[in-house]
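Below: the structure, in structure tokens.
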Amino acid sequence: MRKIQMVDLKGQYEGIKERVNQSVLDVIESTAFINGPEVHQFQKELEEYLDVKHVIPCANGTDALQIAMMGLGLKPGDEVITADFTFAATVEVIALLGLTPVLVDVDPITFNIDTAAIKKAITSKTKAIVPVHLFGLAANMDEIMDIAKEHNLFVIEDNAQGIGGDYISKDGSKKKTGTIGHVASTSFFPSKNLGCYGDGGAIFTNDDDLAHIIRGVVNHGMYKRYHHDVVGVNSRLDSIQATILRAKLPNLDTYNKARRDAAAKYNKAFEGIENIITPTCSCSCSSEMKENCVLHVYHQYTLKIVNADRDALAAHLNENNIPCGVYYPIPLHLQKAYLDDRYKEENFTVTNQLVKEVISLPMHTELDDEQIEFISTTIINFLAK
Ligand SMILES: *Cc1c(COP(=O)(O)O)cnc(C)c1O
């Protein structure tokens, strides 16, 4: 059996090696390293893929979130509601801009922001909601957009883990994640579903005016050379990363399908195991749809281990050379940097529980049946003891 990896970037590279190598060499020959034609082409191709009017490439997914908030003109003191159960980047940029992060609990089934908790957290200072499509599953965007409309709030989708995923609204229309809110951010960190070979990110929006503002913000607040109209940042996707992303974008649907196929095999292997709760594929899926559900892109395949020792299981997997991860081991509201007297433990019962139960298994485009079989059997045998 091949060595099991949490993410297998090398195996994926083998499949696109010739195109990647040639296009990287071409960029080097062209010396158009910054803002070259490759960046522009990638932007166009991603706009087309997502069916969104504007993609603004930038340096990484954390910058993308920050720039989206700067573009919306959020000001110190404005409150921004986001999920307690996510990667820290989401809350970090809120705090960095002097905005007030308001963390709220998540749904125990989807792991995504709890819309009832959003409603409870809204005050006269609330300006935006940041749903995170955690682990590759869209948050409940219908309800979030309704809440935002009612209270006149911006919605900034953190799509770092969800790229390529779909969301089906209650009216039946299907949209790509990251194209539903007012603006969205994504990351091209190597292990993300569409990853480059370094750092990269992008902002998406259908709003022409906002896109214009953001194009200036990413470039030192310049709209005309050496005229700095707003305070900006320097955040660029370089041409080498863009050309690698151009090689990978045509494969994104195939890559996401490979992840879904692996998830389906894990799901099947864990059927009927009482200590394991497998991930749901959508907030609205019937069990019959579950078989061929195409909404989730499984950035992570995350189980809940109930009435069993999750940490002992993780240690056992590591002893058997099976990598695994706990995303995330500490809720954000308990992180030193983000403590706030206003938080009450009784409002975080779900995240407080999830951090004890979740475990993410190897998930990438190159997993084979033998590896999935070995991983699932090792887990099931351990839990049977
Ligand atoms: C990865 C990630 C980010 C940050 O992206 P970087 O490119 O690493 O800056 C932000 N939010 C979430 C949910 C992420 O998973």
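Order of appearance sets the numbers: ligands from 1, and atoms from 1 within every ligand. Atom set for the values below is all heavy atoms of this structure, side chains included, hydrogens, waters and symmetry mates excluded. One is the number of the first residue; the rest follow in order along the sequence.
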Centroid-centroid distance, H316 to F382, less than 6.0 Å: yes
Part of D63 within contact of ligand 1 (heavy atoms, under 4.0 Å): neither
Distance-only polar pair, side chains of T302 and S360, donor-acceptor under 3.5 Å: yes
Numbered atoms of ligand 1 (with element) below 4.0 Å of T86, judged on heavy atoms: 13 (C)
Atom 9 (O) of ligand 1: the protein heavy-atom neighbour that sits closest, reported with distance to 0.1 Å: T62 OG1, 2.5 Å
Side-chain ion pair, D166 and K176, N-O less than 4.0 Å: yes
Proximal ligand 1 atoms for V132, defined as those under 4.0 Å from one of its heavy atoms: 13 (C)
Ligand 1 contact on N60 by region, counting heavy-atom pairs under 4.0 Å: both
Pairing residues for F348 by the ring-ring contact (aromatic ring centres under 6.0 Å, His included) criterion, not counting sequence neighbours: H333, Y343
Heavy atom of the protein closest to atom 11 (N) of ligand 1 (residue, atom name, distance): D158 OD2, 2.8 Å
Within 6.0 angstrom of D171 CG, more than 12 heavy atoms from elsewhere: yes
Enclosure of E29 CD (heavy-atom neighbours >12, cutoff 6.0 Å): no
Which of the ligand 1 atoms, numbered from 1, are nearer than 4.0 Å to a heavy atom of A160: 2 (C), 3 (C), 10 (C), 11 (N), 12 (C), 14 (C), 15 (O)
Centroid separation H212 to Y223 less than 6.0 Å: yes
Nearest non-hydrogen protein atom, atom 14 (C) of ligand 1: K192 NZ, 3.2 Å
Identity and distance of the protein heavy atom lying nearest atom 15 (O) of ligand 1: Q161 NE2, 2.8 Å
